[in-house]
Amino acid sequence: MKKYKTGLVLSGGGTRGFAHLGVIAALYEKGIQPDVIAGTSVGALVGAFVAAGKSPEEIIKIFNKGWLFKYTNLHLPVDGLLKLNGLEEVIQKEISYKNIEDLPLPFFVAVSNLNKGAVEYKSSGPLGKTVLASSSIPILFSPVEIDGQLYVDGGLLDNIPVKPVKNKCEQIVAVNISPINPREKFKNLIQIAIRTFYMSVNANLNEVKKYAAVYVEPEDIDTYDILSMSHAEELYELGYNSLKNLELPQ
């Protein structure tokens, strides 16, 4: 007997995370509620709000306030080109649970431990700081220190973190918003850095598909810039439509 009926696994992908909200809205419409969530980067960010009991509609309103991945380049490039501003503070403001283990739903956050060179799946500890660490793409953003260790984006080592829930659920719904498809042009160094990062993070895709009863990869999602807020509604609809026509196990 598996511990949970439905596990939801959400990949990283920056502001493409609005597509996660569309997928979740479609899931709810089909009467499917996750019993456990695992996420990386923006998947961890969305997952934190869902695990806290927020609806997709509530979450999109919070994200649309304009702080999502708001960043500055006024950060001396000692450990990162950019610095995420306000993400941890907004989580603390909008979510009343301080620690991961306090959330109503069990929740795993994938983070990459720079000191140990290994992925970790945090199910306890400070919620805001852990999600911030999971969202910090290396080189682009500064690492986050937790308990004396430096952490960066979980996607570096596991962008679709099915591992912590794969043997605990009767069914898993996995959502990938960072597929790697051919691309002709890059506008700047940041786009090159992001592309280089995501080229390394799809290594476990076969394992994900093996354990996922439902694997969702919204069509053309990779054409959207992961640091742009200008396509939130389109991305939401893309995620919603990618799941709404699927026949799902109940």
Quick one: does any side-chain atom of [X] pair with a main-chain N or O of [Y] as donor and acceptor, under 3.5 Å?
| X | Y | result |
| --- | --- | --- |
| Ser134 | Ser41 | yes |
| Arg16 | Asp225 | no |
| His20 | Ile177 | no |

Inset, instruction - Go through the structure and list residues passing side chain to side chain donor-acceptor pair (under 3.5 Å) with Tyr236, not counting sequence neighbours. - result: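 With sequence neighbours excluded, Tyr236 shows a side chain to side chain donor-acceptor pair (under 3.5 Å) to no residue whatsoever.
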Legend entry - By side chain to side chain donor-acceptor pair (under 3.5 Å) - contacts of Ser55 (at least two apart):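 Once residues adjacent in sequence are excluded, the partners of Ser55 under the side chain to side chain donor-acceptor pair (under 3.5 Å) criterion are Glu57, Glu58.
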Would you tell me whether [X] and [Y] have side-chain atoms, one donor and one acceptor, within less than 3.5 Å of each other?
| X | Y | result |
| --- | --- | --- |
| Tyr121 | Asp158 | yes |
| Thr40 | Asn159 | no |
| Tyr240 | Glu29 | yes |
| Glu217 | Tyr215 | yes |

Legend entry - Residue list, salt bridge (Lys or Arg N to Asp or Glu O under 4.0 Å) with Lys166, at least two apart or on another chain: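 So Lys166 forms a salt bridge (Lys or Arg N to Asp or Glu O under 4.0 Å) with Glu207.
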With sequence neighbours excluded, give me every salt bridge (charged side-chain N to carboxylate O under 4.0 Å, His left out) pair touching [range].
| range | value |
| --- | --- |
| residues 98-107 | none |
| residues 119-141 | Glu120-Lys122 |
| residues 226-245 | none |

Legend entry - Validation row: Tyr28, Val50 side chains within 4.5 angstrom (heavy atoms):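 Yes - at least one pair of side-chain heavy atoms lies under 4.5 Å apart.
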Inset, instruction - Indicate yes or no: at least one non-hydrogen side-chain atom of Tyr224 is less than 4.5 angstrom from one of Thr15. - result: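 Side-chain contact under 4.5 Å: no.
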Legend entry - Greater than 12 external heavy atoms within 6.0 Å of Lys3's NZ: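 No, because the 6.0 Å sphere around NZ of Lys3 holds 12 heavy atoms or fewer from other groups.
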Inset, instruction - Could you tell me which non-hydrogen atom of Ile59 sits nearest to which non-hydrogen atom of Val46, and how far apart they are? - result: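 Scanning both residues, the minimum pair turns out to be CD1-O, 4.5 Å.
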Legend entry - Ala52 to Tyr97 - nearest heavy-atom pair and separation: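 Scanning both residues completely, I find the closest heavy atoms to be O-CE1, 3.8 Å.
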Inset, instruction - Can you measure from CD (Gln33) to CD1 (Ile24) and round to the nearest 0.5 angstrom? - result: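 Rounded to the nearest 0.5 Å, the CD-CD1 separation comes out at 10.5 Å.
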Inset, instruction - Quick one: pull up CZ in Phe108 and CD1 in Ile100 and give me the separation to the nearest 0.5 Å. - result: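 Output value for this atom pair is 10.0 Å.
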Inset, instruction - For Cys169 and Thr6, run side chain to side chain contact (heavy atoms under 4.5 Å, CB included): C-alpha distance rounded to whole Å, both residues' side-chain angles, the deciding distance at 0.1 Å, then the answer. - result: CA-CA 6 Å; Cys169 303; Thr6 302; over 6 Å; no
